[in-house]
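Lettering of chains follows the sequences in order, A, B, ..., and the numbering in each one begins at 1.
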Amino acid sequence: MSESARSVSEGQQRYSPAEIEPKWQARWDADESLYAAEGHDSGKPKFYCLEMLPYPSGQLHMGHVRNYAIGDALARFMWMRGYNVLHPMGWDAFGLPAENAALKNNTPPREWTLANIAAMRLQMRRMGLSYDWATEVTTCLPEYYRWNQWFFLKMYERGLAYRKKSKVNWCPECQTVLANEQVIDGTCWRHEDTLVEQRDLTQWFLRITKYADELLSGLDKLEGWPEKVRTMQRNWIGRSEGTLVDFAVDGGAEKITVFTTRVDTIFGATSVQLAPEHVVAKNFAASNPVLAGQIEEMLAQQKAAREAGDLGAIEKHGVDTGRFAVNPFNSELVPIWVANYILADYGTGAIMSVPAHDERDFEFAGKYGLGVRRVIVPKAGGTAEEVLPYTADDDAALVDSGEWTGESSVDAQVKMAAFAKANGFGTATVTYRLKDWGVSRQRYWGTPIPMVYCERGHTGVEAGGVVPLPESALPVVLPAQVEITQQGGSPLGRVTDFMNTTCPVCSGPARRETDTMDTFVDSSWYFYRYTDAKNTSAPFDSAKANYWFPIDQYIGGVEHAILHLIYSRFWTKVMRDLGLIKNDEPAARLFTQGMVIKDGAKMSKSKGNVVSPDLMIERYGADATRMYALFAAPPDRDLEWQEEGVAGISRFLAKVYRLTTKYAGAATGEKIESTGDTALLRKLHQTIAKVTQDFSGRWHFNTSIASIMILINEISANELAMDSAEISSAAIREVFRSLVLMLAPFAPFLAAELWELIGGEGAVFRVAWPVADAELAREAEMEIAVQSNGKLVTVVKVPAGSDEATTKAAALADAKVVARVEGKTVVKVIVVPGKLVNIVVK
RNA sequence: GCCCGGAUGGUGAAAUCGGCAGACACAGCGGACUUAAAAUCCGCAGACCAUAAACGGUCGUGGGGGUUCAAGUCCCCCUCCGGGCACCA
């Protein structure tokens, strides 16, 4: 007789996830309707639960497992609470790794990607994740990316997509352009050791800056988003109110427009500073070889510093051009300098330098002996010689500033801007740090940009000019047979069949745009497609999107706080303005989970501390693996992966299994109420209350699971009482039924198995969530801490609901309290009913 | 430099509204069961002091100060760690 056969014969089958999980997975896989969302007419409130879609690398990692365990627990809970839940999954399937793999393995990117998707979909099914696969979205398929192209054309029509030549970030490793958002500390977001170069290229941009103000003000309303993410986006948008002021160049026709946030200090300006790239600086240099050389040197130094990754470390320096500018407020001549710390791409690339009231200007003036002129003083004690630079603008007033002398700084900022405007030499303005989104990528594995260049040109289009394709020409399909190289621009440029086409307007020869779109375009609107994934005539049906949106809960890593989460907010606003949707923001609530750490560092291949989810599933089962991911730390904090902990959860599940199977027979028992029931039912209802509360509030599933463990410990401690019928079978039935239901969001396989064993009807995660009965949950006795002067003396028991007088009397009657208080004067007694008594003595 | 987080036993953590600090687990130790081990079950477990034992005492939530009958929790100052932004005019 075999080992396992004997244990079965004893009626004590052991918990075996290796048998339970594949069995249920097969049943679930066979039932397409199991996790399908219902229609708008379901009569239930809707709940859109979404986890960020993964890049199909081929392997789920623990970060994914954690992310999906959180989302899955929530989705299942919401089903059980009677919601119509949309819980979809998809693949962010374009991107460079597929091209790298193609180079390495000689596999076409499409094949490699689709194989990875199949592998990861299977892993997700093994995890028991409740996705509606009928709505699956794969961004690298033409059914999806044709709508990227469609949106691109819509944006082009509205001037939101445009082409311009500019300095762009170039990653030599990726051999492509990067958006500003993809440059981290001067390096590529995919290659932290690769410094990004600046190149002059003609590229496609999306006009995200048009929505800068709305993207910023909308953050205030996103109360369901972490403050951290909102702050990061605010900083990224970098709105700054100020004034543009034109300084005429003395002895020249040119003018220099400076941007300042402190126009009230303009009477203190003692120089104008230009970025080395500034056009006026270049013009001066044209007739001044010495200056030209100095500017050249400055640019070279900046380039070197950028390549060393430490732009901030170069010392501020500048050169006097020998020319002067006219301050339009007082007609004073101030010297024009070129300085290395002036940024060409912020504001106008030119500033007025006011050493008395700006830290950097003060430092710079000190170095070169430029004038320092105080024009702002504190309102209170304005005559005091406070230390310069004095940079405050609240409770500050102007001095030596002509007709504005005596004005407050804040008022003067408004009035002087208005004056400049009235006199035609300036205006109030708003500047942003946010730049338009460069979306051209010189890579193969991405969405082709639906534009052609008409070679001969036709009316309104010069030779080689841009012509948008008509919608009927979509999708522009990526050619399949492409030689992938990482040199010499987009691989599409070498596919002549693709390249050579005809102009849709004049039918003359034309060549296609060979750049592809940034993959962040794909992920900017994918969650709308889930609501209508099979639509072949539109990106989605507006009625469907309007029913489901906004996303009720979006869950993902904080690393997307700027990139994906700002692009997708932008896309939502564009789609709203196209009349496709009604919502202003994609997600009402956002949750950013912590990282998964091992041995003190984020899990990564390079650190060699990766723990494979497959291995964990093999050793402990999917239920134990996902439950551990929820138990080891609250979801917003970093989680240290300790395999012993997974083993611990596995032991807990085994205990649940043993006890539930042992008492499964109680389901058919007679219905007698017993006095032994009270304590066990009390613990049950306390547990239901706790777990329910955690779901609706802060998602501290670690404490939910802890409270279920306490319940199991209590059940285990009552085994004798249950065996001897001191506890009724009705109570036993209720306890196990609720226990299994509470387990369903965390350990769905085991819950399904046990639900069947105890005779439950239907799918366990569609059964109504148990409701806590406050009456049953109430303790009969309360433990009251008794303190003397705030120090614990003893704990006394009083009947539940005892009033203040009773509680106080019980505390004062305690022998230890009497001994402590004896011989001292009781100053006062503080009673917190149900909690504590504090006797203050002298 | 600026802006967010965070710091609690050997470890992960709990304490949700200012009210018994360390729930629940991991690792550990002791015991039961076993020829033995695994598994399982029972028990111990913040530090220090005291004690034959029991009862006990003192300290304790990064450091310092404050408010309060009462502080991990509130206020002020500081240290360290993680993250974001940064010559942004």
Side-chain angles (χ1 to χ4, degrees), chain A residues 7 12 14 184-185 226-236 238-240 242 258-262 265 273 275 302 305 311-316 339-343 345-354 357-361 363-364 431-433 558-559 561-562 594-595 597 602 628 631-634 636-649 651-652 654-655 658 690 693-694 697-698 700 702-713 716 719 783-795 827-832 834-841:
Chain A
S7 62
Q12 290 278 305
R14 283 177 51 191
I184 314 290
D185 286 336
E227 189 53 46
K228 180 191 171 114
V229 172
R230 295 200 278 168
T231 305
M232 282 166 74
Q233 293 209 358
R234 276 189 199 104
N235 290 342
W236 187 261
R239 184 179 199 272
S240 181
V258 305
F259 173 71
T260 177
T261 54
R262 291 297 304 273
T265 67
Q273 305 280 344
Q302 274 183 354
L311 202 55
I314 33 175
E315 207 187 327
K316 290 177 190 45
N340 66 343
Y341 69 95
I342 307 301
L343 302 174
D345 59 358
Y346 182 79
T348 58
I351 65 152
M352 64 177 198
S353 178
V354 185
H357 305 294
D358 182 276
E359 296 280 355
R360 272 163 318 163
D361 293 348
E363 183 194 333
F364 192 85
T431 298
Y432 297 92
R433 212 188 76 96
V558 75
E559 65 273 17
I562 303 291
M595 289 187 298
I597 304 286
K602 183 177 181 175
Y628 173 74
F631 177 68
D636 52 343
R637 269 213 236 175
D638 286 352
L639 181 155
E640 169 82 28
W641 194 268
Q642 289 178 316
E643 191 170 334
E644 297 82 3
V646 190
I649 294 287
R651 280 196 291 272
F652 161 72
K655 199 165 169 179
R658 181 182 73 78
K690 169 71 184 156
Q693 188 189 26
D694 277 340
R698 19 170 241 175
H700 280 201
N702 53 332
T703 60
S704 316
I705 294 167
S707 67
I708 297 174
M709 287 173 170
I710 294 170
L711 176 63
I712 271 292
N713 291 344
S716 176
E719 239 183 302
E783 295 199 333
I784 304 294
V786 185
Q787 299 177 331
S788 170
N789 291 352
K791 284 195 175 181
L792 185 70
V793 177
T794 189
V795 175
V827 180
K828 64 173 156 175
V829 180
I830 287 147
V831 181
V832 184
K835 284 257 166 89
L836 120 172
V837 175
N838 190 9
I839 302 157
V840 186
V841 295

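Only the P atoms considered, A37(B) is 11 Å distant from A32(B), to the nearest whole Å. Taking atom P in both G84(B) and A14(B), the straight-line distance is 24 Å, to the nearest Å. A gap of 10 Å separates the P atoms of U40(B) and C26(B), to the nearest Å.
For the OP1/OP2 pair of A14(B) and a distance below 4.0 Å, the side-chain nitrogens and oxygens of R637(A) include at least one atom meeting the criterion. Here R360(A) does not reach the OP1 or OP2 of A86(B): none of its side-chain N or O atoms lies under 4.0 Å away. Using a 4.0 Å cut-off, some side-chain N or O of Y346(A) falls inside it from OP1 or OP2 of A89(B). Distances shown here put every side-chain N or O of R658(A) at or beyond 4.0 Å from the OP1 or OP2 atom of C41(B). Close to A25(B), at under 4.0 Å from its OP1 or OP2, lies a side-chain N or O of N713(A).
For RNA chain B, the residues of residues 228-236 of chain A within the heavy-atom distance limit of 4.0 Å (strictly under) are K228(A), T231(A), M232(A), sorted by number.
Counting any heavy atom pair closer than 4.0 Å across all strands shown, V840(A) reaches sugar-phosphate atoms only and no base atom.
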Pairs: protein N or O with nucleotides 9-12 of chain B N or O, under 3.5 Å:
from   : atom 1 : to      : atom 2 : distance (Å)
U11(B) : O2'    : Q642(A) : NE2    : 3.3
G12(B) : O2'    : A632(A) : O      : 2.5

* To do: Could you check R230(A) against E227(A) for salt bridge (charged side-chain N to carboxylate O under 4.0 Å, His left out), going step by step and ending with a plain yes or no?
  => CA-CA 5 Å; R230(A) 295 200 278 168; E227(A) 189 53 46; 2.9 Å; yes
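In the interface, the side chain of K316(A) is paired with the base of C87(B) through a donor and an acceptor atom under 3.5 Å apart.
Here the CG-CZ distance, from N235(A) to R433(A), works out to 8.0 Å after rounding to the nearest 0.5 Å.
Comparing S716(A) and D358(A) along RNA chain B, the residue whose closest nucleotide (by nearest heavy atom) sits nearer the 5' end is S716(A).
F259(A) and Y346(A) have perpendicular rings, their planes meeting at more than 60° on a 0 to 90° scale where under 30° would count as parallel.
Between the side chains of T703(A) and D694(A), a donor-acceptor pair is found at a separation under 3.5 Å.
Remark: RNA chain B forms stems of 3 or more consecutive Watson-Crick or G-U wobble pairs, all pair distances under 3.5 Å, at B:1-7 with B:79-85, B:10-12 with B:24-26, B:28-32 with B:40-44, B:46-49 with B:56-59, B:62-66 with B:74-78.
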